Amino acid sequence: MTSVLPTPSATAAEPSVESRVLALLAQMTLDEKIGQLLQVQAGGGWVPDDLRAMIRDGRLGSVLNEVDFATVQELQRIAMAESRLGIPLLVGRDVIHGFTTVMPIPLGQAASWNPELVRRGAEVAAHEAAARGVNWTFAPMIDIARDPRWGRIAESLGEDPHLASVLGAAMVQGFQGDDDPTVPGRIAACAKHFAGYGASESGRDYNTTNIPEHELRNVYLPPFKAAVDAGVMTLMTSFSDLNGVPASANTLILRDILRDEWQFDGFVVSDWESIRQLQVHGFTASDRDSAREAANAGVDMEMVSRTYADHLAALVHDCEVPMAQIDAMVANILRVKMRLGLFETPHADPATLPAAACDAHLAVAQDAARESLVLLRNEGAILPLSPTALSSIAVIGPLADDPHEQLGTWIFDGDAQYSRTVLQGIRAAVGSEVTVRTARGLETTRSHDHGLFEDAVAAAAASDVVVMVLGEEAILSGEAHCRAEITLPGAQEALIAAVAATGRPIVLVIMAGRPLALERVVSQVHALLYAWHPGTMAGPAIAEVLFGMAAPSGRLPVTLPRVTGQIPIYYAHKPTGKPSTPETLIHIDAIEARAPQTSVGNTSFHLDAGDTPLFPFGFGLSYTTFAYETLTVEPHALTRDDILSVQVEVVNTGPVAAHEVVQCYVRDRVGSITRPVRELKAFRKVYLAPGERMTVTFVLTPDDLAFHGRDLRRRTEPGHFDLWVGGDSRATLHADFSYVAG
């Protein structure tokens, strides 16, 4: 195996960077080169002697989890002033959905369908992290997630490759800046987990993934390609194996696809000890073998474990890892450090950046929280509530006034002192004229004790309307926090039933890190608002929507199942040879009541749940209604040199100004491999006043219709296509066209 170092002409736009990389590389000893490939845990507010010695000797490229600015200053001073070559350190931190100011979890941000808002949220996080010395974040996580049992679905951008691609690229731009990552407050992004981690068997973290290569390329890799195209500086490998080869030693994805096909010239970091874990997988016999396999596959930096530090020098000496490969790995890391401007400015000056949790940052967090909210049910138009029409309101639930739990998972630096809770938001919205009664109902979301039910029922019975804030505590989602059953945990269903028995109208607000199976409770409540874990400004944002100061505009980035047993259920499924039809979807109870000779048909569905979700991908209600009219597609026969112009008239037919997410779906009727029944190809979030009409235009190219077919080549195959435009993945306004290639 050979690896060729980039030459100054290989990156024409950055000849000075490439020249500097080569010049610095030529001065480095093998020990110094290997040092650049290592990342270790920092001291947590101080510099231990062993860490100081490693940096001084040039045996370290990055530290992890140091957020004390004075300590970062000292670490960088040692690296720049006391080491032989003065190479600065990368300072990594999981800045997943905010720093001090916490945005909604990424899955909630995806529900906004607003790339610009996602970009702004990442920019706020970058500024706050940079002010503490961080220059590298391990985000965005752009694993396609179609199994909500998986705890890390909370960190994802949903089930759809196009939506995740657009929002992932926006997040990269927010962290790194559009053009110049050396601007103060910019930090390097890291697209993770490369690749296929979201397909872990049974939704269990770290588990096996078996993904045919055409599905890998068509479903799981597009968001990573979009991140690379957006200039992401680093990628992180997955913990899982992929078709029998762990990602941290997988040459197909790391070398053949990432380097050779995509021409990525940043660097790849392992996940936490994932190189050492190659031996645990049974892929290697020793740490030495693990270091060899990972280095030759193309993992440039090792996170925390020490297989590179302990074995690379001997592997080079024994010609098992070529020196050219070591040079290429080091060059990739030096290139990123130079692009970040660390040699000139190894850390930001906090005085040049906005203060953490400043008004501007909180405003972005509130916008993000508000636009993440998805209204799923509004029976009798109970929402929006009118403070002037109410004398009292009951606010019930363990998540109604918990400033920490609303922040969600992965919030190491989030500060709950800045949180505004739902109870606080409601009290601020209704003022002193409306009595607000409160009851916890359950000690935690996981509690099975009914001891607090009596107070909750009494508060509900004495009030005009009830707002229940239930769901999952933050600890129930995130890494290694997977669930086999995704209904409401604890005795929450019983609490809902007890409150519903009072006859008072119920508005149910769900805070959760995943889609939950809510079929058993949705009919007991009048309104259902899905809030995910909405972050610091949850309370004001939810109050704005509950009381009509803003119309809900979130749309589902994932499918909500009826019951756990339907998983995986997602909109872009294949048709199968015997697809279900509405007339065959007979519930098992109905089947038992029918005559024995009655046939339900040999079709693909569950007898006891059907094949439809509780709520489909892309769905969300508003306080108004929208009509779609006059869909046109030109040209009707598309050639390789054409663009497809899709135009639709969208009309706000209701009484309230509001946002609508206009969604465009396509189906390739016949392919060299079977194609999904629908695929999202474009979307646009628009704002319409009552009665306003807008022409929304989408432009698709033949490349937007391409896929990796039976021979694994990516191309657009000639044939006929269906196209739909509407407000969710069940859109009915239809047109068709063909691609003729010539």
Side-chain angles (χ1 to χ4, degrees), residues 376-377 382-383 385 390-409 416-417 419-430 434-477 481 483 485-514 516-535 538-539 542-543 546:
L376 297 175
R377 179 177 173 87
I382 185 175
L383 293 180
L385 302 173
L390 295 173
S391 62
S392 59
I393 183 170
V395 181
I396 294 171
L399 299 179
D401 194 33
D402 193 319
H404 174 78
E405 298 299 340
Q406 69 187 42
L407 300 180
T409 185
Q417 72 169 311
S419 292
R420 301 272 298 280
T421 69
V422 176
L423 178 60
Q424 290 171 331
I426 287 174
R427 281 177 166 156
V430 301
V434 177
T435 299
V436 178
R437 299 183 176 90
T438 66
R440 195 169 180 89
L442 290 163
E443 188 58 38
T444 71
T445 66
R446 294 166 285 164
S447 174
H448 290 274
D449 184 357
H450 292 206
L452 300 179
F453 277 26
E454 184 177 350
D455 289 345
V457 170
S463 302
D464 297 332
V465 67
V466 181
V467 175
M468 302 187 75
V469 189
L470 303 175
E472 294 180 321
E473 292 158 302
I475 195 65
L476 294 183
S477 59
H481 295 144
R483 296 181 59 199
E485 173 61 60
I486 60 165
T487 51
L488 284 168
Q492 292 182 78
E493 291 187 2
L495 177 61
I496 291 171
V499 172
T502 67
R504 295 295 186 265
I506 298 173
V507 176
L508 176 59
V509 177
I510 293 290
M511 290 189 186
R514 57 168 53 82
L516 296 174
L518 299 172
E519 185 176 46
R520 293 199 296 257
V521 302
V522 69
S523 62
Q524 299 182 64
V525 302
H526 295 76
L528 173 58
L529 186 69
Y530 219 95
W532 319 100
H533 285 131
I542 290 171
L546 291 181

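As the structure is a prediction and not an experimental result, all values here were calculated from the model.
In this structure, Arg446 contributes its side chain and Gly490 its backbone to no donor-acceptor pair below 3.5 Å. Glu405 contributes no side-chain N or O that, together with a main-chain N or O of Leu399, makes up a donor-acceptor pair within less than 3.5 Å. No donor-acceptor pair under 3.5 Å is formed between the side chain of Ser447 and the backbone N or O of Thr444. Listed for the His533 side chain is a donor-acceptor partner under 3.5 Å among the backbone atoms of Glu472. Put simply, the side chain of Arg377 gets close to the backbone of Val525: a donor and an acceptor are under 3.5 Å apart. One N or O on the side chain of Ser392 and one on the backbone of Asp464 form a donor-acceptor pair closer than 3.5 Å.
Atom-to-atom distance recorded for Glu473:CD and Gln406:CD is 13.0 Å, nearest 0.5 angstrom. One finds the OG1 atom of Thr421 at 8.5 Å from the CZ atom of Arg427 (value rounded to the nearest 0.5 Å). Leu508 CG to Ile396 CD1: the interatomic distance, rounded to the nearest 0.5 Å, is 11.5 Å. In this structure, His481 NE2 and Leu476 CG are separated by 8.0 Å, a value rounded to the nearest 0.5 Å. From Thr487, atom OG1 reaches atom CD of Gln492 across 9.5 Å, with rounding to the nearest 0.5 Å.
In terms of heavy atoms, Ala491 sits closest to Phe453 at O-CZ, 3.7 Å. Listed here is the closest heavy atom pair of Pro505 and Ile382: CB-CD1, 3.3 Å. Across all non-hydrogen atoms, the minimal contact from Ala459 to Ala394 is O-CB, 3.6 Å. Taking each heavy atom of Ala543 and Gly425 in turn, the nearest pair found is CB-O, 3.4 Å. Minimum interatomic distance between Ser463 and Arg437 (heavy atoms only, all atoms of both residues): OG-NH1, 3.1 Å. Across all non-hydrogen atoms, the minimal contact from Leu470 to Pro398 is CD2-CD, 3.7 Å.
Put simply, the side chain of Asp401 does not reach to within 4.5 Å of the side chain of Thr438, judged on heavy atoms. Between Leu518 and Leu376, every side-chain heavy-atom pair lies at or beyond the 4.5 Å cut-off. Put simply, the side chain of Val469 reaches to within 4.5 Å of the side chain of Met511, judged on heavy atoms. Residues Leu488 and Ile510 meet the side-chain proximity criterion, which asks for heavy atoms closer than 4.5 Å. Counting heavy atoms from C-beta outward, His404 and Ser419 have side chains that stay 4.5 Å or more apart. Contact of the Asp449 side chain with the Glu443 side chain is not registered, since no non-hydrogen atoms from C-beta on lie closer than 4.5 Å.
For Gln524, the CD atom counts as densely surrounded, since its 6.0 Å shell holds more than 12 non-hydrogen atoms of other residues, nucleotides or ligands.
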Query raised in the report: Checking side-chain contact (heavy atoms from CB on, under 4.5 Å) for the pair Val436/Val430: CA distance, chi angles, key distance, verdict?
Result: CA-CA 9 Å; Val436 178; Val430 301; 3.8 Å; yes
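When each of Leu495, Leu516, Leu528, Ile496 is checked for a side-chain contact (heavy atoms from CB on, under 4.5 Å) with Val521, only Ile496 meets the rule. Checking each of Ile426, Val509, Val467 against Ile542 for a side-chain contact (heavy atoms from CB on, under 4.5 Å) leaves exactly one that passes, namely Val509.
Ring planes of Trp532 and Tyr530: tilted class, angle from 30 to 60°.
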